[in-house]
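Right, one structure below, let's go through it.
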Amino acid sequence: MKITWLGHASFRIEVAGQVLLLDPWFEGNPVFPAERRAEAIAGATAVLVTHAHGDHAADAPGVAAETGAQLCGIYDWIGWVAGNGGPEGLGFSKGGTIRLGDVAVTMVHATHSSSAPGVNGGPAFAGSEAGFMIAGGGRTLYAMGDTDVMADMALFAELHQPSHALVPIGGHFTMDSTRAAFACKKFFDFEAVVPCHYATFPLLEPNADAFVEKVAPLKVLVPTVMQPIDI
């Protein structure tokens, strides 16, 4: 499994013949090099969206239409996209599993919020926030999505036994480094974790240093934008 950070909470995940784009966000992403967009989306087979906030979902329908990739997310948001002129997608819900070739993607709970642009700039209902268990190539990757620490994680660990995780650490909108480190050490037996959702805006933690220190001795694969990580 090859994981490439696209900045913020966006990732390119290559596994078992699939190229999955997780929450691809390019337009307005201050840490993504715009000139490398074509490289980032090349060969995409599926676009996975954790929730409807713009920094996760705004570019996803367009990327799916451009690449021909299957747009996947919670049923309500997929319907919202189609109802607003976007591509038809594959909607599923928490506890559900979809097959993308030899890759199984199970939607799991997260605790955050989720809304899409509505009438007069107000929020529109777009389903619920989620995370994903992505299993393929002998690995299971837990993409936590935007979330706080929650007791459900103990059940996820027992059910899915993920070997690696994409962990939001930035604070303010998600767990900060202290809460993220607690979650990783309390509930899981990870081989390594990849931090995300930090260093994008001044409100968020500026780097992963505190997380690396607090989650020790767990191995942290601190990502660099557009540099692949093999797990």
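Quick caveat: nothing in here was measured; it's all calculated off a predicted structure. The first residue in the sequence is number 1, and the count goes up from there. Any value given below was found using the heavy atoms of this structure, including those in side chains, with hydrogens, waters and symmetry copies removed.
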Side chains of [X] and [Y] in contact at under 4.5 Å (non-hydrogen atoms):
X      : Y      : result
Arg36  : Val225 : no
Ile41  : Pro24  : no
His164 : Phe190 : no
Thr147 : Met153 : yes
Ser128 : Ser114 : no

Residue pairs passing the salt bridge (charged side-chain N to carboxylate O under 4.0 Å, His left out) test where at least one lies in [range], sequence neighbours excluded:
range            : value
residues 87-111  : none
residues 168-181 : Asp148-Arg179
residues 187-214 : Arg139-Glu191

Indicate if [X] and [Y] have the same hydrophobic cluster label, given that clusters are the connected sets of ILVMFWY residues with side-chain heavy-atom separations under 4.5 angstrom.
X      : Y      : answer
Met144 : Val222 : yes
Phe182 : Val220 : yes
Ile229 : Val19  : no

### Task
Hey, can you tell me if Phe188 and Tyr142 have their rings parallel, tilted or perpendicular (30° and 60° cut-offs)?
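Aromatic pair Phe188/Tyr142 classed tilted.
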Considering residues at least two apart in sequence or located in another chain, which fulfil the side-chain contact (heavy atoms from CB on, under 4.5 Å) criterion with [X]?
X      : value
Gln161 : none
Ile13  : Met1, Phe11, Val15, Leu20, Leu22, Ile134, Leu141, Leu166
Ser115 : His53, Pro123
Ala69  : Ala44, Val47, Thr67

Which atom names give the shortest non-hydrogen contact between [X] and [Y], and what distance separates them?
X      : Y      : value
Pro33  : Met226 : CG-CG, 4.4 Å
Ile78  : Leu71  : CD1-O, 3.7 Å
Pro168 : Ala180 : O-CB, 3.7 Å
Val49  : Ala60  : CG2-CB, 3.5 Å
Ala57  : His51  : CB-O, 3.4 Å
Leu100 : Val105 : CD1-CG2, 3.9 Å

### Message
Quick one, Met150 with Phe156, criterion side-chain contact (heavy atoms from CB on, under 4.5 Å). Give me CA distance, side-chain angles, the key distance, then yes/no.
### Response
CA-CA 11 Å; Met150 53 184 177; Phe156 300 162; 3.8 Å; yes
To the nearest 0.5 Å, how far apart are [atom1] in [X] and [atom2] in [Y]?
X      : Y      : atom1 : atom2 : answer
Leu221 : Trp5   : CG    : CH2   : 13.0 Å
Phe92  : Thr106 : CZ    : OG1   : 7.5 Å
His109 : Glu129 : NE2   : CD    : 6.0 Å
His160 : Thr140 : NE2   : OG1   : 8.5 Å
Ser93  : Ile74  : OG    : CD1   : 5.0 Å

### Message
I'd like to know whether CD of Glu158 has more than 12 heavy-atom contacts from other residues, nucleotides or ligands below 6.0 angstrom.
### Response
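Incorrect, the count does not exceed 12.
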Only pairs at least two apart or in different chains count here, so list each side chain to side chain donor-acceptor pair (under 3.5 Å) that has a residue in [range].
range          : answer
residues 69-85 : none
residues 55-66 : His8-Asp55, Asp23-His56, Arg37-Glu66, His56-Asp146
residues 9-18  : Arg12-Glu14, Gln18-Thr45

### Hydrophobic cluster (4.5 angstrom, side-chain heavy atoms) - remaining members for Leu203
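Once heavy-atom contacts under 4.5 Å are chained together, Leu203 belongs with Trp25, Phe173, Phe201, Leu204.
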### Query
Residues two or more places apart in sequence or in another chain: which of them pass salt bridge (Lys or Arg N to Asp or Glu O under 4.0 Å) with Glu27?
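Counting only residues at least two positions away or on another chain, Glu27 forms no salt bridge (Lys or Arg N to Asp or Glu O under 4.0 Å).
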### Query
Do any N or O atoms from the side chain of Lys185 and from the backbone of Pro217 form a donor-acceptor pair under 3.5 angstrom?
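Judged by distance alone, no pair lies under 3.5 Å.
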